[in-house]
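Below, chains carry the letters A, B, ... as their sequence lines are ordered, and counting in each starts from 1.
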Number of protein chains: 2
Amino acid sequence: MAKLEVAFSPDLYPFYENKEAIVVVIDIFRATSAICTAFENGVKSIIPVEKVEDAKALQNKGYIAAAERQGQIVDGFHLGNSPFHYIDESITGKEVVLTTTNGTRAIFVAKNSYKIIIGSFLNFSAVCDYLKQEKKDVLLLCAGWKGRFNLEDSLFAGAVVNQLEGDVFNELSDSARATQTFYEVGKSDIDDFLINSSHRRRLKNLNLEKDIKYCLQMDQTKVVPELKGDRLVVQK
Amino acid sequence: MAKLEVAFSPDLYPFYENKEAIVVVIDIFRATSAICTAFENGVKSIIPVEKVEDAKALQNKGYIAAAERQGQIVDGFHLGNSPFHYIDESITGKEVVLTTTNGTRAIFVAKNSYKIIIGSFLNFSAVCDYLKQEKKDVLLLCAGWKGRFNLEDSLFAGAVVNQLEGDVFNELSDSARATQTFYEVGKSDIDDFLINSSHRRRLKNLNLEKDIKYCLQMDQTKVVPELKGDRLVVQK
């Protein structure tokens with residue numbers, strides 16, 4: 001008997017806060033897809049920070065630092081939140097500092113919860129298997145776009161709800177039921193379902209179509225990144 | 001060329017705020033359904049207030065006052081937010097003070113917008129006709145439940161989006177597209193679609209099944225209540 005709930009924005013997190021829940025942070029385009037890619041490529045840890053200044057300060061101390069705002073790499077940084085920035089041997093075994101428009105903020109609002117893990121289509125089955133095994137309450141926290149609802153994060157939430165709902169996860173919020181409806185409609189062609197999403201159009205205008213295709217691939221890795229203290233790591 | 005957007009909670013209103021928009025406040029179970037019913041039954045105006053104390057103070061000055069919290073009439077009041085409380089000749093021509101858990105709060109967060117009107121299934125076509133005629137940006141503001149997303153308000157939003165989308169209303173938010181998906185799935189049997197909604201279960205536990213059926217009826221009135229100063233009125 002566990003709860004299965006979805007918050008459509010970090011700004012709705014307070015209304016779903018549950019100290020017993022595992023929170024899955026979701027930012028499909030692109031922070032959580034990039035984080036999964038980085039761990040698949042052997043990064044040691046990722047340090048999420050809220051502000052560009054914080055990332056800059058750590059960069060000045062010698063850390064590899066990544067910063068994205070408005071979908072683009074911030075001036076003065078070499079990495080942003082494109083997954084392709086993390087398919088690179090130079091990050092293997094390293095600690096990387098990361099700040100993004102929406103994804104890192106979602107991590108911070110939930111930091112007092114029982115546990116925070118990182119979800120994306122790239123590690124979809126690994127996340128679902130982990131949650132089924134833990135049997136704790138689950139809160140799927142969509143990063144959205146600057147406080148707004150977005151389609152891709154909620155579609156992913158629906159895919160997870162669809163996998164989990166059953167005897168154990170039997171107490172669904174209205175938001176969880178809503179995402180299930182999306183997923184039922186969108187699952188046969190996710191790419192087509194998202195064709196009109198505002199964020200997809202934003203990325204397309206930035207010539208990031210390749211990133212979109214990459215982020216919508218299922219099960220490319222088995223990593224389940226988890227927040228431990230101030231760092232995201234993968235349990236061995 | 002107008003925007004058509006949906007905010008799933010009064011707490012998301014700041015991210016959709018648009019001073020040029022007509023805001024449609026939606027609280028299907030039951031505040032906005034009750035307000036439409038009251039005007040259909042000849043009430044002169046409704047004064048929304050945020051707090052029970054405010055309603056009490058105006059009641060002490062001689063106003064008819066209604067107060068609902070947790071789905072029930074607050075002690076010391078004769079009226080709550082059941083539409084059936086407003087099918088009553090004694091309110092004809094009167095001013096009624098109203099405070100509810102979610103609906104009146106939604107009116108207050110949007111009070112600086114261009115215009116606020118009241119939507120429910122009961123005045124669905126009248127609201128759509130009005131918006132089509134005005135051709136202004138539209139923000140459908142779901143009252144939700146204590147900050148959370150709910151199914152019935154977003155389903156109604158989807159019904160409106162479905163009616164309006166086209167050459168004039170051509171700039172849809174992701175949230176508007178999402179409600180369209182719900183509506184496509186739910187429209188053939190709204191009652192069945194909402195069978196598992198949390199609020200519906202809450203009302204059912206309070207023996208308010210009759211209210212639910214009433215609130216899901218389409219086009220029972222042509223009134224479009226509008227906020228003018230601190231009062232909801234119907235333009236003649």
Is the count of non-hydrogen atoms from other residues, nucleotides or ligands lying under 6.0 Å from A:K132 atom NZ greater than 12? yes

Please classify the contact of A:L172 with chain B as side chain, backbone, both or neither, using a heavy-atom distance under 4.5 Å. backbone

Let me know if A:Y16 has heavy atoms under 4.5 Å from chain B in its side chain, its backbone, both or neither. both

Smallest separation among heavy atoms of B:L12 and A:G147, with atom names: CD2-O, 3.4 Å

How long is the straight-line distance from CG of A:L194 back to CZ of B:R177, given to the nearest 0.5 Å? 11.5 Å

Answer whether the closest heavy-atom distance between the side chains of A:F182 and B:F182 falls below 4.5 Å. yes

Inter-residue atom distance A:F149.CZ - B:F8.CZ, 0.5 Å rounding: 5.0 Å

Turns out that what part of A:E184 lies under 4.5 Å from chain B's heavy atoms comes down to neither

Portion of B:S9 that has a non-hydrogen atom of chain A nearer than 4.5 angstrom: side chain

Test side chain to side chain contact (heavy atoms under 4.5 Å, CB included) on B:R148 and A:S173; report intermediate values, then the result. CA-CA 9 Å; B:R148 286 175 161 231; A:S173 62; 4.0 Å; yes

Once rounded to the nearest 0.5 Å, what's the spacing between atom CZ of B:F15 and atom CG of A:D11? 3.5 Å

Is atom CG of B:D189 surrounded by more than 12 heavy atoms (other residues, nucleotides or ligands) closer than 6.0 Å? yes

Interatomic distance, A:N150 atom CG to B:S175 atom OG [nearest 0.5 angstrom]: 10.0 Å

Can you tell me if CG on A:D167 sees more than 12 non-hydrogen neighbours from other groups inside 6.0 Å? no

For the CG atom on B:D75, are there more than 12 heavy atoms of other groups (residues, nucleotides or ligands in this structure) within a distance under 6.0 Å? no

Approximate separation, where rounding is to 0.5 Å, of B:T181 OG1 and A:L151 CG: 7.0 Å

